[in-house]
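Reminder, nothing fancy here: chain letters follow the sequence lines and each chain counts from 1.
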Protein chains: 2
Amino acid sequence: MYLKREEMKCDCNVIHEEVVSRVRQQMPQEEKLYDLAELFKVFGDSTRIKIIWALFEAEMCVCDIAYLLNMTHSAISHQLRVLKQARLVKRRKEGKVVFYSLDDKHIENIFAQGLDHINE
Amino acid sequence: MYLKREEMKCDCNVIHEEVVSRVRQQMPQEEKLYDLAELFKVFGDSTRIKIIWALFEAEMCVCDIAYLLNMTHSAISHQLRVLKQARLVKRRKEGKVVFYSLDDKHIENIFAQGLDHINE
DNA sequence: TGAATAGTTGAACACACATTCATATAAGCA
DNA sequence: TGCTTATATGAATGTGTGTTCAACTATTCA
């Protein structure tokens, strides 16, 4: 469980062993934390934030979103793919037109808390 | 408010004007959305996620964190600076040792919602 | 004072990633 | 069948960023 001194990248003496040991036991598995970072990485782009926020209000097609944000189809489509892969949006096809909408109930809460932090 | 056709990067015909118009009115100001993306960008790195999670449990010094995550002082220090600038952690100095702790009450909720999304 | 140590910081490097461009697919319509 | 249009996608490009390395500051202690 613990690393030998030779294996440590950190070479200090003031380590509070009891604290570190307790924290280590409380940490979720590495993979969960990695996935969590991946999720937030998706939120960490203003274009995607705008797309998501727009979809809070209404289902929209790629054209609508591109028009709203004054960006190219291509850029929007690429970002929608990222959101799709993160299981944050879903699609509905109607003829040539593809409508996107939100596919997650946690986002709104996450954004609200985020705004609270920013505003205080 | 609306762009002229020549100014549009998007050249399509199926725009649902009423929907876009309604969504446009509901969108927060550009700057807020940008700040929100910046905040989530901070969460979008597994090292920082681990640091934050560790600090949920206990206040720790740079040494402790470096030891816990098996990383160099320097890497941890750089990341703590990012967290500090985002007003997510605060510091307390005791002699040579600097203790870091969380400085935000929203994080725990945001993380919990994030995990919910991942786990479902 | 000077050595040792905790932490910070700037530059460099490698890697990731958002947008653009060109092209491809797929559906409606003439 | 061909033409138009909505969307998707792969490659290229430029920008951003996490870690490392080397130097630096600040504090303790002998």
Between [X] ([atom1]) and [N] ([atom2]), how many Å, whole number?
| X | N | atom1 | atom2 | value |
| --- | --- | --- | --- | --- |
| A:Glu94 | D:dT7 | CD | C1' | 15 Å |
| B:Ile65 | D:dT19 | CD1 | P | 13 Å |
| A:Gln85 | C:dA18 | CD | P | 12 Å |
| A:Lys50 | C:dA18 | NZ | C1' | 13 Å |
| B:His73 | D:dG18 | NE2 | C1' | 18 Å |
| B:Asp45 | C:dC17 | CG | C1' | 14 Å |
| A:Lys41 | C:dA18 | NZ | C1' | 14 Å |
| A:Lys93 | C:dA26 | NZ | P | 7 Å |

What is the nucleic acid contact for [X], judged by heavy atoms within less than 4.0 Å: base, sugar-phosphate only, or nothing?
| X | value |
| --- | --- |
| A:Lys84 | nothing |
| B:Val14 | sugar-phosphate |
| B:Tyr100 | sugar-phosphate |

Worksheet item: Do A:His78 and D:dG10 have a side chain to base donor-acceptor pair shorter than 3.5 Å?
Response: yes

Worksheet item: Got a donor-acceptor pair under 3.5 Å from the side chain of A:Thr72 to the base of C:dT19?
Response: no

Backbone of [Y] reached by a side-chain donor or acceptor of [X] within 3.5 Å:
| X | Y | value |
| --- | --- | --- |
| A:Asp64 | B:His16 | yes |
| A:Arg48 | A:Lys41 | yes |
| B:Lys90 | B:Leu102 | yes |

Practice prompt. May I ask you to evaluate whether A:Arg48 reaches the phosphate of C:dA18, defined as a side-chain N or O under 4.0 Å from OP1 or OP2?
Written response: yes

Discussion item. C:dT8, OP1 or OP2 - any side-chain N/O from B:Arg91 closer than 4.0 Å?
Written reply: yes

Worksheet item: When clusters are formed from ILVMFWY side-chain contacts under 4.5 Å, directly or step by step, what else is grouped with A:Val97?
Response: A:Phe99, B:Val14

Which listed nucleotide ([options]) is nearest to the side chain of [X]?
| X | options | result |
| --- | --- | --- |
| A:Val98 | D:dT7, D:dT19, D:dT17 | D:dT7 |
| B:Cys61 | C:dA18, C:dG7, D:dT19 | C:dG7 |
| B:Ser74 | C:dT9, C:dC21, C:dT19 | C:dT9 |

Discussion item. Heavy-atom nearest nucleotide on DNA chain C for A:Gly44 versus A:Lys96: which residue maps closer to 5'?
Written reply: A:Gly44

Practice prompt. Consider only side-chain heavy atoms of I, L, V, M, F, W and Y, link residues closer than 4.5 Å, and tell whether A:Leu39 and A:Tyr34 are in one cluster.
Written response: no

